[in-house]
Amino acid sequence: QKHELRFWLNGKPVVEKNPDPNESLIHFVRRKGYTGTKLGCSEGCGCGSCTVVVESFDYATQKVVTNSVNSCLAPACSVDGKHVITIEGLGNAKKPHIVQTVIADAHGSQCGFCTPGIAMSLYAAMKKNPHADEHAIEDAFDGGI
Ligand code: FES
């Protein structure tokens with residue numbers, strides 16, 4: 001029997017043979033070189049610096065569902081068949097995503113350690129509701145320190 005983890009990471013297919021069921025998603029993506037996602041508290045509720053976006057297809061509604069996920073708690077195997085987006089998949093200094101631009105323009109990066117998580121939370125919030133008001137955006141940042 002084949003034991004494979006298959007998912008998309010920043011738009012590229014990933015196939016991991018015999019994945020470690022105990023490996024967290026953050027350790028997996030960082031091991032693959034996506035080190036923009038940071039490990040802070042490692043508790044899933046303390047800092048949000050590990051936040052990534054997970055997209056999946058909901059067959060009942062026939063729609064793509066976008067969620068922000070604390071990758072320090074989520075097992076890598078939980079994203080089988082899904083699409084994981086890290087900060088590297090959003091944009092970079094040469095070609096930033098609008099979410100990164102507004103955070104930078106508003107001096108919202110603070111020390112910078114958890115900024116990737118903030119950007120991913122904002123990205124997920126805007127994907128879920130492009131017309132989100134100030135309070136909805138604030139709610140989306142609840143997981144960040
Ligand atoms: Fe702090 Fe995941 S590392 S919530």
Side-chain angles (χ1 to χ4, degrees), residues 3-58 61 63-145:
H3 293 282
E4 284 183 353
L5 168 63
R6 291 172 171 261
F7 66 103
W8 293 81
L9 180 54
N10 296 328
K12 294 180 189 147
V14 171
V15 179
E16 183 82 356
K17 293 191 188 312
N18 299 313
D20 177 358
N22 292 316
E23 185 173 33
S24 64
L25 182 56
I26 188 168
H27 285 112
F28 188 97
V29 298
R30 288 182 61 84
R31 186 163 58 76
K32 294 292 177 187
Y34 296 97
T35 55
T37 306
K38 300 293 190 279
L39 185 65
C41 68
S42 203
E43 291 179 352
C45 59
C47 70
S49 59
C50 65
T51 305
V52 298
V53 165
V54 176
E55 293 180 324
S56 55
F57 188 72
D58 183 348
T61 61
K63 288 184 178 163
V64 174
V65 178
T66 304
N67 283 308
S68 58
V69 168
N70 288 329
S71 64
C72 69
L73 286 189
C77 290
S78 69
V79 298
D80 191 62
K82 299 179 181 176
H83 181 211
V84 176
I85 307 171
T86 67
I87 192 70
E88 292 90 347
L90 214 57
N92 54 46
K94 282 190 183 146
K95 198 176 171 196
H97 187 273
I98 184 67
V99 156
Q100 294 165 306
T101 301
V102 296
I103 290 172
D105 287 353
H107 306 286
S109 64
Q110 304 176 77
C111 81
F113 189 81
C114 64
T115 314
I118 292 172
M120 300 317 290
S121 294
L122 182 56
Y123 175 78
M126 298 310 292
K127 272 276 191 177
K128 280 184 177 195
N129 179 7
H131 306 292
D133 64 12
E134 196 178 330
H135 295 294
I137 302 268
E138 266 186 40
D139 283 350
F141 290 145
D142 268 357
I145 196 164

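First listed ligand is number 1; within each ligand, the first listed atom is number 1.
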Pairs involving residues 67-81, ordered by first then second residue, that meet side-chain hydrogen bond (donor to acceptor under 3.5 Å, both in side chains) (sequence neighbours left out):
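As it turns out, the side-chain hydrogen bond (donor to acceptor under 3.5 Å, both in side chains) pairs with a partner in residues 67-81, which skip direct neighbours, are Asn67-Lys128.
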What's the shortest heavy-atom distance between Cys47 and Gly40, and which atoms?
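Shortest heavy-atom contact: SG-CA, 3.8 Å.
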Under-2.8 Å protein N/O/S neighbours of atom 1 (Fe) of ligand 1, ordered by chain then residue number
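Atoms qualifying: Cys41 SG, Cys47 SG.
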Less than 3.5 Å apart, which donor and acceptor atoms pair up between the side chains of residues 113-126 and the rest of the protein, not counting sequence neighbours?
residue	atom	partner	partner atom	Å
Thr115	OG1	Ser109	O	2.8
Thr115	OG1	Gly112	O	3.3
Ser121	OG	Gly117	O	3.1

Does atom NZ (Lys32) have a neighbourhood of more than 12 heavy atoms from anything else shown, all under 6.0 Å?
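More than 12 heavy atoms, drawn from other residues, nucleotides or ligands, come within 6.0 Å of this atom.
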Take a 6.0 Å sphere around CD of Glu4 and say whether it holds more than 12 heavy atoms from other residues, nucleotides or ligands.
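Enclosed.
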Which residue pairs pass the ring pair (Phe, Tyr, Trp, His ring centres under 6.0 Å) test with at least one member in residues 4-27, sequence neighbours excluded?
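Checked against ring pair (Phe, Tyr, Trp, His ring centres under 6.0 Å) - neighbours excluded - the pairs reaching residues 4-27 are Phe7-Phe28.
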